[in-house]
Amino acid sequence: MAFSISNPSVEDRLSSCEEEFEKINFIIKGMGAMSHPIPYLTRYSIIRACGAIEYGFKTIISDINLESQTKQLKQFVDIKFRNSSMNPSYSNICKGLASFDDAWKDKFKENINKLNDKNKVLDSLDSLNNARNTFAHGGSPSTSFVNVQEYFRDSVKVLEALELALKEN
C-alpha cells in the first residue's frame, strides 16, 4: 500500500508496519486462522499498528520546520512532545496540535471533516486505540487481524490529513 506521507521517517515506519502485516498474513494463511499462535500475532499487530500511528503523528508535528529550530527548541519539543507517551487518539492529536497552534488544529479538523469516510476513519482510529488499551491493561481484545489491518490503513488517512494541515499553514 502506498502512503501519501512526505515525512521520510514516518513513511518508513508505516511501510515497515505494512510489510510486517503482509508476513503475518502469510503465516496466518499457512497455519490457519484458528491456529493457537494467531491471537498472539494479532495482539502484536495491534501494538505495532498503534505504535506506528503514534510515532507518525508525534513525528509529523515535531518535525515541522525542524531545520530552523534552535537546539533548545528541538530539545524542548523532544522532551515534552516527541518522546512523551500518548495514545494516537483524535482528541490527543487535536490537543497536541493546539499546544503548538490553534490554526493547525482547526485546519486538521477541517481536513478530517472533508474525508468521504470520516466516520469510518475516526472509528478505526478509536478501535485501534481501544484494542491496544484493552491488551495493555491485561484484557484480551476481540479484534481480528483483518480488522487491525483495516484500522491501520484508515488511521494512516488521519496522518495524511495531519501532514496536509501542517503544510497548508
Side-chain angles (χ1 to χ4, degrees), residues 1-63 78 81-97 105 108-109 111-166:
M1 176 180 181
F3 305 110
S4 296
I5 298 289
S6 62
N7 184 300
S9 64
V10 174
E11 199 281 329
D12 285 348
R13 183 75 55 103
L14 297 174
S15 293
S16 174
C17 188
E18 187 70 25
E19 288 169 12
E20 283 190 47
F21 286 169
E22 289 174 21
K23 292 173 185 172
I24 291 169
N25 195 37
F26 182 75
I27 293 168
I28 291 172
K29 285 180 180 177
M31 296 180 83
M34 301 309 288
S35 181
H36 188 65
I38 303 310
Y40 300 101
L41 292 171
T42 301
R43 291 175 189 138
Y44 169 80
S45 299
I46 291 167
I47 299 300
R48 183 71 166 95
C50 203
I53 299 301
E54 178 180 353
Y55 174 85
F57 102 81
K58 291 191 300 186
T59 300
I60 289 168
I61 294 170
S62 298
D63 284 358
D78 285 349
F81 191 75
R82 185 189 308 266
N83 298 327
S84 67
S85 179
M86 189 182 322
N87 282 339
S89 66
Y90 179 70
S91 64
N92 281 346
I93 294 170
C94 289
K95 286 177 197 172
L97 286 167
K105 177 194 70 170
F108 169 66
K109 286 183 163 186
N111 288 348
I112 291 293
N113 286 329
K114 288 179 186 176
L115 295 174
N116 291 333
D117 51 354
K118 169 194 164 192
N119 291 333
K120 180 181 181 294
V121 167
L122 293 179
D123 286 346
S124 287
L125 181 63
D126 190 45
S127 295
L128 186 59
N129 276 293
N130 287 337
R132 180 244 170 242
N133 289 337
T134 296
F135 182 56
H137 297 286
S140 294
S142 60
T143 305
S144 71
F145 177 72
V146 171
N147 289 137
V148 173
Q149 287 182 295
E150 181 180 354
Y151 298 158
F152 173 74
R153 290 176 183 142
D154 286 344
S155 296
V156 169
K157 294 177 185 179
V158 173
L159 297 181
E160 291 169 346
L162 171 62
E163 190 172 66
L164 182 61
L166 298 182

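Scope of the values below: all heavy atoms of this structure, side chains included, with no hydrogens, waters or symmetry mates.
Using a 4.5 Å heavy-atom threshold, the side chains of Ser16 and Arg48 count as touching. Considering only heavy atoms from C-beta on, Asn129 comes within 4.5 Å of Pro88 through its side chain. By the 4.5 Å heavy-atom criterion applied to side chains, Phe3 and Leu159 are not counted as neighbours. You'll find the side chain of His36 stays beyond 4.5 Å of the side chain of Met31, heavy atoms only.
With sequence neighbours excluded, the residues that form a side-chain contact (heavy atoms from CB on, under 4.5 Å) with Lys114 are Lys107, Glu110, Asn111. For Ser45, the side-chain contact (heavy atoms from CB on, under 4.5 Å) test picks out Phe21, Ile24, Phe145, Val148, with sequence neighbours left out. For the side-chain contact (heavy atoms from CB on, under 4.5 Å) test, residues two or more places apart in sequence or in another chain that qualify with Phe135 are Arg43, Ile47, Pro141. Under the side-chain hydrogen bond (donor to acceptor under 3.5 Å, both in side chains) criterion, Arg13 pairs with no residue, sequence neighbours left out. Residues passing the side-chain contact (heavy atoms from CB on, under 4.5 Å) test with Pro8: none are found, sequence neighbours excluded.
Between the side chain of Ser35 and the backbone N or O of Ile38, no donor-acceptor pair lies under 3.5 Å. At least one donor-acceptor pair under 3.5 Å links the side chain of Glu54 to the backbone N or O of Met86. Remark: side-chain polar atoms of Ser84 are paired, donor with acceptor, to backbone N or O of Phe81 under 3.5 angstrom. Of the possible donor and acceptor atoms, none in the side chain of Asn7 sits under 3.5 Å from a partner among the backbone N and O of Ile60.
Residues Val121 and Val158 approach most closely at CG1-CG2, 3.4 Å, considering heavy atoms.
Within the structure, the salt bridge (charged side-chain N to carboxylate O under 4.0 Å, His left out) test picks out the following pairs touching residues 118-134 (sequence neighbours left out): Lys120-Glu150, Lys120-Asp154.
The environment of His137 atom NE2 is dense: over 12 non-hydrogen atoms of other residues, nucleotides or ligands sit within 6.0 angstrom.
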